[in-house]
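Report on the structure given below.
Below, chains carry the letters A, B, ... as their sequence lines are ordered, and counting in each starts from 1. Bear in mind that the values here come from a model prediction, so they are computed numbers and not experimental data.
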Amino acid sequence: MPLAAELSRIAGQAFAAEGLAESFGRVQIADRPDLAQFQCNGALAAAKAAKSNPRAIAEKIAARLKANALFSKVEIAGPGFLNLDLSDEALNTRTAALDIARGANTGAGKTVLIDFGGPNVAKPMHVGHLRSSIIGDCLQRLYRTNGWKVISDVHLGDWGLQMGQLISEVEIEGTAPIYFDVNFVGPYPEEPPVTMDELETLYPRASAACKADPARLEAARRATVDLQAGRPGYRALWRHFVKVSEIGLQREFGSLGVTFDLWKGESSVDALIAPMIEDLKARGLAEISEGALVVSVAKDDDKKPLPPLILVKSEGGVLYGTTDLATIIERVREQDPDLILYVVDHRQHGHFEQVFRAAAKAGLSGKAQLEHVGYGTMNGADGKPFKTRAGGVMKLQDLIAMATAEAQKRLAEQNIGADWSAEERAEIARKVGIATIKFADLSHMRTTDYIFDLERFSTFEGKTGPYLQYAAVRIQSMLRRAREQGFAVGTPAIHSPEERRLILQLLSLEDALGAAEDKRAPNMLCEFAFELAQNFSRFYSEHHVLSESDAALRAARLGLCALVLAVLTRILALLGIEIPERM
RNA sequence: GCACCCGUAGCUCAGCUGGAUAGAGCGCUGCCCUCCGAAGGCAGAGGCCAGGGGUUCGAAUCCCUUCGGGUGCGCCA
């Protein structure tokens with residue numbers, strides 16, 4: 001059980017014994033570490049509810065807590081705060097029993113499906129895709145740690161208008177006429193008619209043409225309808241687009257270390273759409289409005305009615321709201337999740353509100369709770385969506401290459417690893433570069449926009465990914481030396497304020513994992529890791545370990561170092577950050 | 001127009017299920033490598049938590065309001 005929860009239960013029992021609600025016993029890590037390790041503010045709340053004197057209540061609770069040998073200090077401060085310290089013995093015992101492999105255990109027997117609202121086929125991944133990949137990946141690791149069964153789905157955008165735009169563009173360019181020949185009966189060529197690079201230029205061209213020319217847009221819409229209706233040549237061409245794209249995307253996600261259980265897309269539920277629509281029509285939930293088939297999702301208490309979810313456009317095509325709805329049906333059928341998280345840009349909040357309401361109205365979501373885990377956009381220094389200096393969209397690969405080059409430069413400057421192989425140096429630089437990017441992204445609160453400052457991607461000091469890696473590498477190096485010298489690694493024990501502080505934090509690991517899940521907030525994990533590294537650095541600069549002559553003390557300290565390393569490694573793994581052997 | 005998000009140190013950001021003296025990183029000023037890795041540690045300066053009102057014993061946090069910024073509002077994703 002997490003330490004704070006254990007203490008809350010003890011305090012809760014004390015409140016209950018006084019005839020007060022057990023929930024007043026909530027114990028938290030103290031806001032004022034200089035005054036106490038833990039605090040309980042329940043007496044104040046209880047007094048408010050019972051209209052009595054908070055100090056008097058606090059006195060009674062304190063008297064009961066003092067009887068418990070766990071506490072080395074129980075004090076009443078100010079209007080009725082209970083300040084609590086645990087005895088070093090109690091802390092040492094819990095440290096020895098700490099199982100760092102265990103998470104917050106919030107997900108026993110539960111399944112969560114994480115939808116990454118994946119990139120669109122044919123569009124190269126740019127820095128805008130960074131957040132969904134990195135945040136979603138962190139969440140899937142966190143939920144797994146906390147005992148959930150996790151199924152992640154990249155959920156590619158492979159079924160909408162952009163597919164029709166591509167098809168129509170290829171038709172006009174005339175580079176692959178066979179797919180447009182209605183008399184051709186197949187089979188279609190195995191070789192894709194376009195390369196990844198060609199695809200990447202094809203889409204912007206098609207998109208621009210449709211924007212400029214209504215006739216082109218109309219053609220793209222028709223192509224979309226025909227594709228969705230199953231026209232063989234279009235399907236064959238579309239399959240090539242998806243395949244070519246997937247190979248590129250797998251490489252991109254691979255370089256970020258992001259993996260998915262499912263590589264599905266909007267098209268995956270194609271077969272479910274017609275029956276779903278029939279069902280919704282039959283139950284009177286879908287209706288024709290302005291030529292389109294819609295599900296009305298406005299509620300009486302909407303100040304301004306939420307627009308309906310459009311299932312079928314007036315010219316016959318379906319939209320991503322349609323596929324999202326059908327995907328819910330598929331997921332309930334196949335995975336029956338307790339929770340579905342959509343890790344998608346917060347600008348799509350309105351869309352998900354529509355989809356969720358429609359799903360609730362039609363009773364499609366089973367036991368699943370649907371939640372849009374929105375995130376803010378990444379802006380440039382000017383506060384507008386991030387662009388390169390030339391004004392273009394920055395590709396993810398370019399960003400990674402830049403961060404890696406910075407790391408490489410730093411290694412050279414510090415004259416580190418001059419005698420290591422070029423391969424190892426490159427590998428270290430890669431890990432450091434990725435850590436820089438991921439930590440910068442994850443350490444911001446998920447919901448707000450943030451400024452993506454290239455300068456900050458080239459600095460490795462302070463609250464950064466490399467700082468955390470450095471802290472871990474330093475411990476690794478120390479433990480290596482200890483092994484070489486044959487030193488024993490013992491059980492951690494408190495011998496100084498620095499060690500006490502470190503151990504208190506280590507014991508709050510489960511609480512941190514639980515809180516981060518609860519808020520779906522990777523930045524809380526970043527905070528935890530940074531504080532841990534900082535607490536360790538303070539300890540490290542204050543106390544010598546290897547040169548400690550008292551063998552028992554040295555062993556205890558080595559044990560503490562090993563534990564810190566294990567926890568740090570674990571948190572960094574949740575953030576998707578790898579630690580080099582040396583750096 | 002309506003809705004949602006945001007406004008905290010010079011800069012970039014935490015803190016928001018109300019609690020005691022509002023934190024961190026960068027930058028700035030000073031210290032600390034004859035000893036385990038200085039990508040480090042320590043200390044200092046720097047804030048009417050956008051403004052105003054309210055609820056409360058107690059507000060950066062909750063409610064109302066004004067101002068300022070961002071985003072979204074039927075056939076794109």
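- Of the candidates rG19(B), rG74(B), rA14(B), rA14(B) carries the atom nearest the Glu527(A) side chain, counting heavy atoms from C-beta on.
- Among the heavy atoms of the strands, none lies under 4.0 Å from Arg446(A).
- Nucleotides rG19(B) and rC62(B), compared at atom C1', are 14 Å apart to the nearest Å.
- In terms of phosphate contacts, Arg481(A) brings a side-chain nitrogen or oxygen within less than 4.0 Å of OP1 or OP2 of rG37(B).
- When heavy atoms are screened at a 4.0 angstrom cut-off, Leu411(A) is found touching base atoms of the nucleic acid.
- The side chain of Ser541(A) lies closest to rG41(B), out of rG41(B), rC75(B), rA77(B).
- Looking at the side chain of Lys48(A), the nearest of the listed nucleotides rG58(B), rC36(B), rC76(B) is rG58(B).
- Candidate nucleotides rG25(B), rU12(B), rC36(B) were compared by shortest atom distance to the side chain of Gln534(A), and rG25(B) ranks first.
- As judged by a 4.0 angstrom heavy-atom cut-off over every strand, Gln348(A) is placed among the base-contacting residues.
- Look at the C1' atom in both rC16(B) and rC6(B): the space between them is 13 Å, to the nearest Å.
- In this structure, rC36(B) makes no Watson-Crick or G-U wobble pair, since no nucleotide meets both defining distances under 3.5 angstrom.
- When the side-chain nitrogen and oxygen atoms of Thr448(A) are compared with OP1 and OP2 of rA14(B), one or more of them lie within a distance under 4.0 Å.
- Minimum atom distance to the side chain of Met445(A) is reached by rG15(B), of the listed rC13(B), rA39(B), rG15(B).
- The OH atom of Tyr540(A) sits 13.5 Å away from atom CZ of Arg557(A), with the distance rounded to the nearest 0.5 Å.
- Within 4.0 Å of Asn41(A), counting heavy atoms only, lies at least one base atom of the nucleic acid.
- Atom C1' of rG58(B) sits at a distance of 10 Å from the matching atom of rA20(B), rounded to the whole Å.
- Val473(A) comes within contact range of at least one nucleobase, with a heavy-atom separation under 4.0 Å.
- Counting any heavy atom pair closer than 4.0 Å across all strands shown, Tyr540(A) reaches a base atom.
- Nearest approach of Val344(A) to Gly117(A), heavy atoms of both residues: CG2-CA, 3.9 Å.
- Glu413(A) and Asn415(A) form no side-chain donor-acceptor contact under 3.5 Å, judged by distance and modelled atom types alone.
- Using Watson-Crick or G-U wobble geometry with both donor-acceptor distances under 3.5 Å, rG10(B) finds its partner in rC26(B).
- A cation-pi geometry, defined here as NZ or CZ lying under 6.0 Å from the six-membered ring centre and within 45° of its normal, does not hold between Arg501(A) and Phe539(A).
- Taking every side-chain heavy atom of Pro307(A) into account, rG74(B) is the closest of rG74(B), rA39(B), rC76(B).
- For Phe81(A) and rA20(B), the ring-to-base geometry satisfies the stacking test (centroid distance below 5.5 Å, interplanar angle below 30°).
- Salt bridge annotation for Glu484(A)-Arg481(A): absent, with no cationic side-chain nitrogen under 4.0 angstrom from a carboxylate oxygen.
- On the P atoms, rC5(B) is 23 Å away from rG52(B), given to the nearest whole Å.
- When distances run from any side-chain atom of Arg221(A) to the nucleotides rG37(B), rC75(B), rG40(B), the shortest one goes to rC75(B).
- Across all strands shown, rU61(B) forms no Watson-Crick or G-U wobble pair with both key distances under 3.5 Å.
- Ring geometry for Phe530(A) versus Tyr467(A): interplanar angle of 30 to 60°, hence tilted.
- Whole-Å rounding puts the Leu306(A) CG to rG72(B) C1' distance at 11 Å.
- Nearer the 5' end of RNA chain B, as judged by each residue's closest nucleotide, is the contact made by Leu44(A), out of Asp158(A) and Leu44(A).
- An OP1 or OP2 oxygen of rG37(B) is reached within less than 4.0 angstrom by a side-chain nitrogen or oxygen of Ser477(A).
- Using N1 to N3 plus N6-O4 or O6-N4 for Watson-Crick, or N1-O2 and O6-N3 for G-U wobble, each under 3.5 Å, rC49(B) pairs with nothing.
- Between Asn523(A) and the phosphate of rG15(B), there is a side-chain N or O to OP1/OP2 separation shorter than 4.0 Å.
- Between His544(A) and rC36(B), a base-stacking contact is recorded: ring centres under 5.5 Å apart, planes less than 30° from parallel.
- The base of rG74(B) sits within donor-acceptor range of the side chain of Ser289(A), with an N or O pair under 3.5 Å.
- Using the Watson-Crick or G-U wobble rule with both distances under 3.5 Å, rG1(B) pairs with rC73(B).
- In this structure, Gln162(A) and Gln28(A) both approach RNA chain B, and ranking their closest nucleotides by distance from the 5' end singles out Gln28(A).
- Note: Tyr450(A) and His444(A) have parallel aromatic rings, judged against thresholds of 30 and 60 degrees for the angle between ring planes.
- Counting only heavy atoms from C-beta on, Arg474(A) has its side chain closest to rG37(B) among rC13(B), rG70(B), rG37(B).
- A donor-acceptor contact under 3.5 angstrom links the side chains of His543(A) and Ser496(A), judged on distance only.
- For Arg474(A) and Ser537(A), the side-chain atoms include at least one donor-acceptor pair closer than 3.5 Å.
- As judged by a 4.0 angstrom heavy-atom cut-off over every strand, Arg410(A) is placed among the base-contacting residues.
- Taking the C1' atom of each, rU71(B) and rC31(B) are spaced 48 Å apart, rounded to whole Å.
- Candidate nucleotides rC76(B), rC57(B), rC13(B) were compared by shortest atom distance to the side chain of His444(A), and rC13(B) ranks first.
- Residue-nucleotide stacking is not present for Tyr450(A) and rC13(B), judged by a side-chain ring centre under 5.5 Å from the six-membered base ring centre and planes under 30° apart.
- Each of rG41(B), rC36(B), rG1(B) was ranked by its minimum atom distance to the side chain of Lys304(A); first place goes to rG1(B).
- Note on Lys463(A): every side-chain N or O is 4.0 Å or more away from OP1 and OP2 of rU12(B).
- A syn orientation is assigned to rC33(B), its glycosidic angle lying within 90° of 0.
- A sub-4.0 Å separation between OP1 or OP2 of rC76(B) and a side-chain N or O of Tyr203(A) is absent.
- In the interface, the side chain of Gln39(A) is paired with the base of rA20(B) through a donor and an acceptor atom under 3.5 Å apart.
- Phosphate proximity of rA77(B) to Tyr320(A): absent, as no side-chain N or O sits under 4.0 Å from OP1 or OP2.
- Across the P atoms, rA9(B) and rC49(B) are found 9 Å apart, a figure rounded to whole Å.
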